[in-house]
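The structure under discussion appears below in the form of structure tokens.
Numbering of ligands and ligand atoms starts at 1, following listing order. These values consider heavy atoms only, across backbone and side chains, with no hydrogens, waters or symmetry-generated copies. Here, residue 1 is the first one in the sequence, and each next residue gets the next number.
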Amino acid sequence: MANTIITVKDLVKNYGSFEAVKGISFEVNEGEIFGLLGPNGAGKSTTLEIIETLRPKTSGKIMVDGLDLDKSPQEIKKIIGVQLQSSGYYPGLNLLQLIELFSGLYNQDVDPMELLEKVNLKDKAKAKVKELSGGQKQRFSVATTLINKPRIIFLDEPTTGLDPQARRSLWELVRDIRNSGTTVIITTHYMDEAEYLCDRVAIIDSGKIIALDTPDQLIDKLIASGFERPREMKLANLEDVFINLTGHSLRED
Ligand code: ADP
Ligand code: MG
């Protein structure tokens with residue numbers, strides 16, 4: 001049996017009189033990639049930021065690795081990795097210097113080159129963030145979540161706006177991180193991403209969880225209910241054609 005590392009119980013978030021999150025409950029298992037899947041405005045970022053201790057909740061109970069969010073937010077901060085907003089990167093510093101700076105702030109002994117190698121950005125060590133491509137920026141942003149050697153990392157739509165190669169490269173990175181033992185919570189509105197990447201997904205719509213299971217189980221349940229695709233599926237799609245023509249999937253972007 002998997003250990004539960006995050007428990008969210010009856011979480012509610014109101015912005016004034018608007019109910020953005022309407023009493024959701026879910027558990028995240030240690031070592032899994034857990035997806036919050038939903039359309040824009042569903043309440044994914046709100047939920048994530050509340051668990052990250054960055055946003056106050058209206059009501060509900062949250063436990064992270066045995067710690068109560070209401071009582072021990074500082075302890076929770078120490079064991080989670082949060083993506084920093086790119087506006088928080090000092091523009092004058094290169095990637096190496098930024099990692100050194102953040103390691104100092106976190107009081108962590110990190111080998112910056114080793115971390116950059118992990119996210120495939122060793123060649124860019126002396127580059128500034130603004131000189132990176134979209135995919136490289138996102139990989140750097142993922143690297144910054146790892147600086148405090150967290151048990152759990154949170155990724156909020158990390159592939160939005162990336163081209164197919166950069167997306168796939170990020171997916172491989174997220175899998176590597178999970179495979180090295182870190183629990184990952186990720187939000188996305190891309191179904192293919194959730195299907196490929198997530199061990200389990202909660203589908204969230206208008207502030208409510210409307211389904212929660214493994215992608216396989218969700219699909220099997222739908223098929224069992226009599227659903228059939230209107231059109232026969234081909235063995236490849238246009239994205240496969242594109243990737244095939246423009247270079248292998250993990251090309252440096
Ligand atoms: P998602 O990340 O799924 O796109 P969000 O959690 O960002 O959704 O937003 C959920 C809902 O809450 C949206 O309708 C959004 O407009 C609203 N919302 C988000 N942040 C605020 C805020 N600070 N003040 C008021 N409404 C907000
Ligand atoms: Mg969002």
Side-chain angles (χ1 to χ4, degrees), residues 6-28 32-64 69-70 73 76-77 80-89 129 134-135 137-145 150 152-164 166-167 170-171 173-174 177-178 182-215 218:
I6 295 177
T7 305
V8 173
K9 186 101 181 70
D10 302 327
L11 178 65
V12 172
K13 175 66 180 182
N14 299 336
Y15 294 111
S17 60
F18 175 69
E19 297 177 306
V21 176
K22 298 172 182 157
I24 63 173
S25 301
F26 61 91
E27 293 182 345
V28 178
E32 74 177 343
I33 301 175
F34 185 87
L36 283 174
L37 177 63
N40 285 332
K44 303 181 298 294
S45 297
T46 298
T47 302
L48 217 62
E49 287 168 16
I50 290 169
I51 305 170
E52 290 169 329
T53 76
L54 300 178
R55 206 179 266 265
K57 58 183 162 58
T58 301
S59 63
K61 187 171 171 65
I62 294 174
M63 300 289 293
V64 179
L69 186 109
D70 292 327
I76 290 176
K77 280 200 178 90
I80 66 172
V82 172
Q83 278 177 298
L84 300 168
Q85 300 300 313
S86 49
S87 56
Y89 300 143
V129 172
K137 276 196 186 105
Q138 283 298 3
R139 293 208 303 276
F140 182 68
S141 157
V142 171
T144 64
T145 71
I152 310 163
I153 65 166
F154 294 81
L155 304 175
D156 196 357
E157 300 204 12
T159 66
T160 296
L162 299 188
D163 67 45
R167 289 177 80 206
L170 203 94
W171 292 352
L173 174 60
V174 172
I177 292 169
R178 188 270 314 269
T182 306
T183 305
V184 179
I185 304 191
I186 184 169
T187 71
T188 182
H189 57 259
Y190 297 120
M191 305 304 135
D192 58 336
E193 178 160 294
E195 186 175 346
Y196 178 78
L197 199 56
C198 297
D199 297 304
R200 293 189 310 138
V201 296
I203 299 179
I204 175 166
D205 189 25
S206 305
K208 286 192 188 134
I209 290 180
I210 51 178
L212 194 164
D213 214 326
T214 65
L218 290 169

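A pairwise comparison of heavy atoms in S25 and I209 identifies O-CD1, 3.7 Å as the closest pair. Taking each heavy atom of L69 and I50 in turn, the nearest pair found is CD1-O, 3.5 Å.
Counting only distance, with no hydrogens or angles, the side chain of D163 and the backbone of A166 share a donor-acceptor pair below 3.5 Å. Side chain of T47 to main chain of G43: a donor-acceptor pair is present (N/O by atom type, distance under 3.5 Å, no hydrogens or angles).
Under the salt bridge (charged side-chain N to carboxylate O under 4.0 Å, His left out) criterion, no residue pair touches residues 6-26, with sequence neighbours excluded.
In summary, E157 and K44 engage in a salt bridge, as defined by a charged side-chain N under 4.0 Å from a carboxylate O. Under a 4.0 Å N-O distance rule, the pair R200/E32 qualifies as a salt bridge. Salt-bridge annotation for D70 and K57: present, with a side-chain N of the basic residue lying under 4.0 Å from a carboxylate O of the acidic one.
Under 2.8 Å from the Mg ion (ligand 2), one finds the following protein N/O/S atoms: S45 OG.
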Identify all side-chain donor-acceptor contacts of residues 190-197 below 3.5 Å with residues at least two apart in sequence or on another chain.
unit_1 : atom_1 : unit_2 : atom_2 : d
D192   : OD1    : R167   : NH2    : 3.1
D192   : OD2    : R167   : NH1    : 3.2
D192   : OD2    : R167   : NH2    : 3.4
E193   : OE1    : T159   : OG1    : 2.4
E193   : OE1    : W171   : NE1    : 2.8
E193   : OE2    : T159   : OG1    : 3.2
E193   : OE2    : T188   : OG1    : 2.9
Y196   : OH     : E172   : OE2    : 2.7

Identify all N/O pairs between ligand 1 and the protein with a separation under 3.5 Å and present them as a table of atom names and distances.
unit_1   : atom_1 : unit_2 : atom_2 : d
ligand 1 : 2 (O)  : S45    : N      : 2.9
ligand 1 : 2 (O)  : S45    : OG     : 2.8
ligand 1 : 3 (O)  : A42    : N      : 3.1
ligand 1 : 3 (O)  : G43    : N      : 3.0
ligand 1 : 3 (O)  : K44    : N      : 2.8
ligand 1 : 3 (O)  : K44    : NZ     : 2.8
ligand 1 : 4 (O)  : G41    : N      : 2.7
ligand 1 : 6 (O)  : T46    : N      : 2.9
ligand 1 : 6 (O)  : T46    : OG1    : 2.5
ligand 1 : 8 (O)  : G43    : N      : 3.1
ligand 1 : 20 (N) : Y15    : OH     : 3.3

